[in-house]
Protein chains: 2
Amino acid sequence: MRTIALITQGCCPPLMKTPIDEAEAERLAGAFKLLGDPGRLRLLSLIAAHPGGEACVCELTEPLGLSQPTVSHHLKLLHQAGLLEREKRSTWVYYKVDPATLKTVRDALAI
Amino acid sequence: MRTIALITQGCCPPLMKTPIDEAEAERLAGAFKLLGDPGRLRLLSLIAAHPGGEACVCELTEPLGLSQPTVSHHLKLLHQAGLLEREKRSTWVYYKVDPATLKTVRDALAI
DNA sequence: TCTGAACATCGATCGCTGTCAATATAGGTC
DNA sequence: GACCTATATTGACAGCGATCGATGTTCAGA
């Protein structure tokens with residue numbers, strides 16, 4: 001799946017106000033494509049609901065029921081899109097949801 | 001692409017409040033998968049921004065640059081998910097965005 | 001009833017992506 | 001250094017879905 005730069009470039013104007021052009025549609029669709037996978041949605045949900053609003057990979061693999069490489073792959077995509085912040089602490093890597101990016105996506109659907 | 005019943009079944013609890021289960025993730029991901037295609041996003045945008053908030057298929061094919069069967073296919077998916085209302089008037093079929101369903105999807109991303 | 005227009009369905013193709021096993025990398029501990 | 005743990009990368013495969021041409025269906029008008 002292609003990487004999407006979400007926050008930069010003044011993404012994303014409200015869909016419903018005025019017709020978006022093809023480039024904007026491509027970028028916004030990239031964001032929704034990320035949200036269009038049950039595993040990634042559950043990852044976001046697990047991380048957001050985790051104590052402290054953050055979780056490391058080892059805390060996510062088992063409840064998700066997916067292999068470690070797959071989880072790592074999904075986390076990378078979500079991070080590249082700006083939906084997850086990433087912080088390495090010694091051996092562990094902690095992820096937390098970036099509310100601003102999430103809001104950007106949500107606002108694109110405003111009536 | 002599988003059909004998603006969006007409004008019915010009390011869909012969709014906010015992702016970020018509490019961990020969603022696999023069934024909810026599957027359903028919600030289905031909705032975002034629909035939004036994860038540039039053509040469908042532009043369809044929604046074109047229809048919403050069209051005078052009267054509605055448009056028939058013949059007004060959408062050309063600005064989208066996709067074949068009529070493809071446009072018809074996308075419209076069917078969006079309609080099945082409840083994102084578009086469909087009304088047949090003699091030879092023409094008019095589609096309009098359903099704001100309630102859109103809000104349902106948007107609210108799932110609430111912080 | 002014939003014709004043309006608008007829309008839907010079918011069948012086939014082809015690129016994309018979610019998945020995992022295997023392997024690599026990096027950090028901690030002894 | 002040797003070993004273990006946590007995470008990332010790689011390579012390969014299988015299934016899905018976006019697309020289009022061809023065809024079907026429905027409706028209005030002559």
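Chain identifiers are assigned alphabetically (A, B, ...) following the order of the sequence lines, protein sequences preceding nucleic acid strands; residue numbering begins at 1 within each chain. Note that this is a predicted model, so its numbers are computed, not measured.
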**OP:** Name the closest nucleotide to the A:C58 side chain, picking from D:dA6, C:dA8, D:dT19.
**Re:** D:dA6
Original post:
Which residue, B:V57 or A:V71, contacts DNA chain C at a nucleotide closer to its 5' end, judged by nearest heavy atom?
Top reply: B:V57
**OP:** Provide, to the nearest angstrom, the distance between the CD atom belonging to A:Q80 and the P atom belonging to C:dT17.
**Re:** 13 Å
**OP:** May I ask you to test the B:P19-A:L46 pair for a side-chain heavy-atom distance under 4.5 Å?
**Re:** yes
Original post:
Can you list the residues that meet the salt bridge (charged side-chain N to carboxylate O under 4.0 Å, His left out) rule with B:K88, with sequence neighbours excluded?
Top reply: none
Subject >> Among C:dC7, D:dA8, C:dT17, the one nearest A:M1 by side-chain distance >> reply: C:dT17
**OP:** Would you mind telling me which of C:dA8, C:dT19, D:dT19 lies closest to the side-chain atoms of B:D37?
**Re:** D:dT19
Subject >> Qualifying residues under side-chain contact (heavy atoms from CB on, under 4.5 Å), relative to A:E24, sequence neighbours excluded >> reply: A:P13, A:I20, A:D21, A:R27
**OP:** Applying side chain to side chain contact (heavy atoms under 4.5 Å, CB included), run through B:W92 and B:V57 and close with a yes or a no.
**Re:** CA-CA 8 Å; B:W92 294 273; B:V57 184; over 6 Å; no
Original post:
How long is the line joining CG of B:L66 and P of D:dC20, in whole Å?
Top reply: 5 Å
Subject >> Value rounded to 0.5 Å, distance of CG in B:L44 from CG in B:L35 >> reply: 6.5 Å
**OP:** Could you state the atom-to-atom distance from CZ of A:R42 to P of C:dT19 in whole Å?
**Re:** 11 Å
Subject >> Side-chain heavy-atom pair A:L60, A:L75 within 4.5 angstrom cut-off >> reply: yes
Subject >> Nearest-Å distance for atom pair CH2/C1', residues B:W92 and C:dG4 >> reply: 12 Å
Subject >> A:E54 bridged to A:R86 by N-O distance under 4.0 Å >> reply: no
Atom pairs, N/O to N/O, protein against nucleotides 24-30 of chain D, distance under 3.5 Å?
none

Original post:
Are A:R86 and D:dA8 close enough that a side-chain N or O sits under 4.0 Å from OP1 or OP2?
Top reply: yes
**OP:** Whole angstrom is fine here: how far is it from CG in A:L78 over to C1' in D:dA8?
**Re:** 15 Å
**OP:** With the side chain counted from C-beta on, respond yes when B:C56 and B:V93 share a heavy-atom pair under 4.5 Å apart, and no when they do not.
**Re:** no
Original post:
Considering the options A:L66, A:I47, A:L64, which one meets the side chain to side chain contact (heavy atoms under 4.5 Å, CB included) requirement together with A:R42?
Top reply: A:L64
Subject >> Pairwise side-chain contact, B:V97 with B:L78, heavy-atom cut-off 4.5 Å (strictly under) >> reply: no
**OP:** Sequence neighbours left out, what passes side-chain contact (heavy atoms from CB on, under 4.5 Å) with B:T91? Give chain and number order.
**Re:** none
Subject >> Axis bend over the full length of the helix from C:dT1-D:dA30 to C:dC30-D:dG1, computed from five pairs that close each end, to 10 degrees >> reply: 20°
**OP:** Remember a base hit wins even if backbone is also touched, and classify A:R89 as base, sugar-phosphate or nothing at under 4.0 Å, heavy atoms.
**Re:** nothing
Original post:
B:E22 has an atom CD; how far is it from atom C1' of C:dG18, in whole Å?
Top reply: 14 Å
Original post:
Do B:T104 and B:T101 have side-chain N/O donor and acceptor atoms under 3.5 Å apart?
Top reply: no
**OP:** Could you state the atom-to-atom distance from NE2 of A:H74 to P of D:dT9 in whole Å?
**Re:** 15 Å
Original post:
Roughly, in whole Å, what's the span from NE2 in A:H79 to P in D:dA8?
Top reply: 9 Å
Which pairs, protein N/O on one side and nucleotides 9-11 of chain C N/O on the other, fall under 3.5 Å?
residue: C:dT9; atom: OP2; partner: B:K76; partner atom: NZ; Å: 3.4

**OP:** With heavy atoms under 4.0 Å as the rule, sort B:Y94 into base, sugar-phosphate or nothing.
**Re:** nothing
